[in-house]
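First up is the structure itself, then whatever we jot down about it.
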Amino acid sequence: MEIRFYNSLTKQRELFESLRLGVVSMYSCGPTVYDLAHIGNFRTFLFGDLLRRFLELVGYRVDHVMNITDVGHMTDGEEDRMTQAASRMKENKKTGRVAEGAVANPDDPYQIAEYYTQAFLSDARKLGYKIAFEYPQRVPKATDHIDGMQEMIGELIKRGHAYVAEDGVVYYSVESFPEYGRLSGNTLENLQSGAGGRVSDENQSRKRHPADFMLWKPDQHHIMKWASPWGVGYPGWHIECSVMARKLLKRDVIDIHTGGEDLIFPHHECEIAQSCGVTGSRRFANFWLHARFLFVNGEKMSKSKGTFYTARDVFEGRVTGNPVHPAVLRYELTKAHYRTNLDFSEKGLMDSGMAVRRLIEKRQSLEQLTNGQSAEVDLTHPLLAQFAAALADDLNIAEALAIVNQFARTDHRDPHEALGVWKKINSVLAIAPITEGLLDESDSGGGQDDAMRQAEEWCRELDAARRDKNYSRADELRKLIQDTGFEVRTGKEGTTIQRALM
RNA sequence: GGCGUUGUGGCCGAAUGGCUAGGCAGCGGAUUGCAAAUCCGUCCAUGGCGGUUCGAUUCCGCCCGACGCCUCCA
């Protein structure tokens with residue numbers, strides 16, 4: 001099968017071929033853990049997940065790594081992000097947003113990082129993000145790789161790509177790397193002219209070139225600091241990815257690197273400079289795939305406008321007024337092509353809810369017809385071939401979903417085969433159920449069994465009331481069941497319920 | 001200013017040099033005590049102006065609009 005992806009590095013669709021037969025090495029830029037991840041973050045992460053699942057569908061083994069950035073990097077003129085997180089955490093504990101015992105000492109950045117790491121992993125697992133189930137093996141933390149960073153910085157100095165400035169800061173010399181700017185379409189001249197303003201002149205004058213970026217900063221007062229040949233301090237914010245990608249993927253050149261579009265410059269541009277500088281390879285990643293931003297109601301998410309939603313805001317009903325099943329959010333965040341600005345809205349979420357319900361019920365009806373016995377199918381099956389071909393075209397998810405929808409409304413001559421097809425499709429979409437093969441689905445409804453039993457009881461009462469033509473009682477009971485969070489259906493065999501998805 | 005993306009029906013969102021996915025919503029009907037779900041049917045589109053062509057939404061040119069990055073940011 002011919003797979004084509006839009007490669008940010010060459011700015012065109014290219015035929016994808018892995019460097020090694022049957023194996024794809026892939027690195028995704030992961031979350032920073034000084035706050036909860038928001039739905040925009042997850043849009044990007046789930047795009048990476050979709051990409052990985054597609055590659056697995058067509059037969060690759062995907063060696064996937066995603067980092068956790070737990071070093072709180074300095075922002076010019078402001079507090080360190082970990083310091084900011086600490087004061088936020090104290091505030092949240094006061095207001096009860098964060099449970100009292102959750103973080104014993106908010107002034108310990110490692111505790112803050114641990115708290116948000118676990119929060120991230122929990123949300124990510126609910127959303128079926130595969131790599132979150134591979135923590136910690138494939139999900140390294142930056143603070144565990146400080147030694148590796150120092151090694152790489154030392155190597156870069158040795159090779160003439162980095163230098164120690166008079167203030168003791170180690171900078172990467174962009175002029176030493178002719179390819180610098182290729183990914184972002186920048187030239188050193190452009191960068192130079194655009195560099196005025198924000199960055200203090202005093203700082204700039206110590207660099208050889210205004211675009212030179214920091215690799216190590218000696219700073220005794222930083223909240224997180226480590227000893228190094230260049231003094232006690234902390235690493236620059238690009239070096240961790242170069243180091244961890246190489247260490248965990250065990251390759252100088254990897255197949256795919258993913259991230260949000262905003263990371264193209266400077267983050268990924270700098271990663272390329274560092275990695276190629278140290279390995280001498282022409283490329284760091286063969287393919288760079290970037291997801292565009294998620295919008296909310298047509299605009300970039302904004303804290304001041306109250307459109308800054310975390311995943312758990314959605315799950316817990318703070319966005320729509322009702323709890324939303326993770327499968328619905330996953331569908332909503334992955335249903336649009338990754339290189340378009342997906343617009344998140346309540347209506348979109350509702351649409352996704354309907355779509356997900358239909359797909360879940362399709363799965364259930366196939367399970368019933370077959371007693372769960374599915375036939376083995378492979379990509380030669382015409383429907384799967386179409387599905388895979390759609391995704392092979394730069395992850396054309398909309399066309400793939402069109403195919404799935406057609407499938408969902410077909411009556412199948414061979415339900416065993418249909419279930420087999422469905423399982424393959426679901427291995428990519430991960431919707432019905434969302435964590436198939438990853439964890440026990442019943443976990444997601446934890447603690448609600450009593451509510452389920454109660455609702456079932458009401459169903460029998462409702463049936464009795466209908467038999468007696470006591471319709472006011474029947475309507476009352478239906479209302480009651482719905483308010484408990486279930487959808488009510490009246491069929492020939494009596495009343496049945498489904499847990500509401502949103 | 002530089003680099004890049006994008007403009008399809010009420011909404012989301014594909015595809016294509018001629019026969020124009022899919023979903024949601026709407027409308028009509030079947031079903032129903034009512035409702036939900038389901039099923040059947042149905043309305044609605046290619047930003048503007050030129051050009052190439054027998055024929056363009058698709059190719060070319062210009063114009064208009066939207067968006068991102070260039071600075072911490074998925």
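Lettering of chains follows the sequences in order, A, B, ..., and the numbering in each one begins at 1. A quick note: this is a predicted structure, and the numbers were derived from the prediction, not measured.
- Within the cation-pi definition used here (under 6.0 Å to the ring centroid, within 45° of the axis), A/K362 qualifies as a partner of A/F407.
- One atom, NZ of A/K492, and another, P of B/rA36, lie 18 Å apart when rounded to the nearest Å.
- A/N341 has no side-chain polar atom (N or O) that falls below the 4.0 Å cut-off from OP1 or OP2 of B/rA66.
- Side-chain rings of A/H38 and A/Y309 stay apart, their centers remaining 6.0 Å or farther from each other.
- Of the two residues near RNA chain B, A/T44 and A/L462, the one whose nearest nucleotide lies more 5' is A/L462.
- Regarding contacts with the backbone of B/rA37, every side-chain N or O of A/K362 stays at 4.0 angstrom or more from both OP1 and OP2.
- One donor-acceptor pair, N or O on each side, does fall under 3.5 Å between the base of B/rA35 and the side chain of A/T490.
- B/rU8 and B/rU57 are spaced 15 Å apart, taking the P atom of each and rounding to whole Å.
- A distance of about 23 Å separates the C1' atoms of B/rG47 and B/rC43, rounded to the whole Å.
- For A/R489, taking side-chain heavy atoms from C-beta onward, the closest of the listed nucleotides B/rA36, B/rA14, B/rA74 is B/rA36.
- Comparing B/rC69 with B/rC27, their C1' atoms sit 45 Å apart, to the nearest whole Å.
- In this entry the distance linking CZ of A/F387 with P of B/rA14 reads 15 Å, nearest Å.
- The A/D475 side chain lies nearest to B/rG33 when the options are B/rG33, B/rC69, B/rA15.
- Using N1 to N3 plus N6-O4 or O6-N4 for Watson-Crick, or N1-O2 and O6-N3 for G-U wobble, each under 3.5 Å, B/rA66 pairs with B/rU5.
- Remark: the separation of the C1' atoms in B/rU71 and B/rC12 is 33 Å, to the nearest Å.
- A donor-acceptor pair shorter than 3.5 Å can be found between the side chains of A/T69 and A/E240.
- Comparing the P positions of B/rU42 and B/rG22 gives a spacing of 12 Å, expressed to the nearest Å.
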Where do N or O atoms of nucleotides 3-7 of chain B meet protein N or O atoms at under 3.5 Å, pair by pair?
unit_1: B/rC3; atom_1: O2'; unit_2: A/S184; atom_2: O; d: 3.4
unit_1: B/rU5; atom_1: OP1; unit_2: A/Y6; atom_2: OH; d: 3.4
unit_1: B/rU5; atom_1: O2'; unit_2: A/R292; atom_2: NH1; d: 3.0
unit_1: B/rU5; atom_1: O2; unit_2: A/R292; atom_2: NH1; d: 3.4

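- Distance check on atom P: B/rC59 versus B/rA15 gives 12 Å, rounded to whole Å.
- Using a 4.0 Å heavy-atom distance criterion, A/K335 is classed as a sugar-phosphate-only contact.
- Formation of a donor-acceptor pair under 3.5 Å by the A/S87 side chain with backbone atoms of A/T83 is found in this model.
- Salt-bridge check for A/D351 with A/K335: failed, with every basic side-chain N at 4.0 Å or more from each acidic carboxylate O.
- For A/L294, counting side-chain heavy atoms from C-beta on, the closest listed nucleotide (B/rG33, B/rA74, B/rC67) is B/rA74.
- For the C1' atom pair drawn from B/rA14 and B/rG4, the interatomic distance equals 23 Å after rounding to whole Å.
- Counting only distance, with no hydrogens or angles, the side chain of A/R330 and the backbone of A/L429 share a donor-acceptor pair below 3.5 Å.
- Around NZ of A/K479, the count of heavy atoms belonging to other residues, nucleotides or ligands within 6.0 Å does not exceed 12.
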Where protein sits on nucleotides 18-27 of chain B, one letter per nucleotide: B base, S sugar-phosphate only, - none, heavy atoms under 4.0 Å: ---BSBBS--
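- Within the 6.0 Å centre-distance limit, the rings of A/F16 and A/F287 are counted as a close aromatic pair.
- Judged by atom type and distance alone, A/R478 reaches the base of B/rA35 through a side-chain donor-acceptor pair under 3.5 Å.
- A ring-centre distance under 6.0 Å is not found for A/H268 and A/H238.
- Rounded to whole Å, the separation between the P atoms of B/rU46 and B/rA21 comes to 15 Å.
- Side chain of A/R312 to backbone of A/A37: no donor-acceptor contact under 3.5 angstrom is found.
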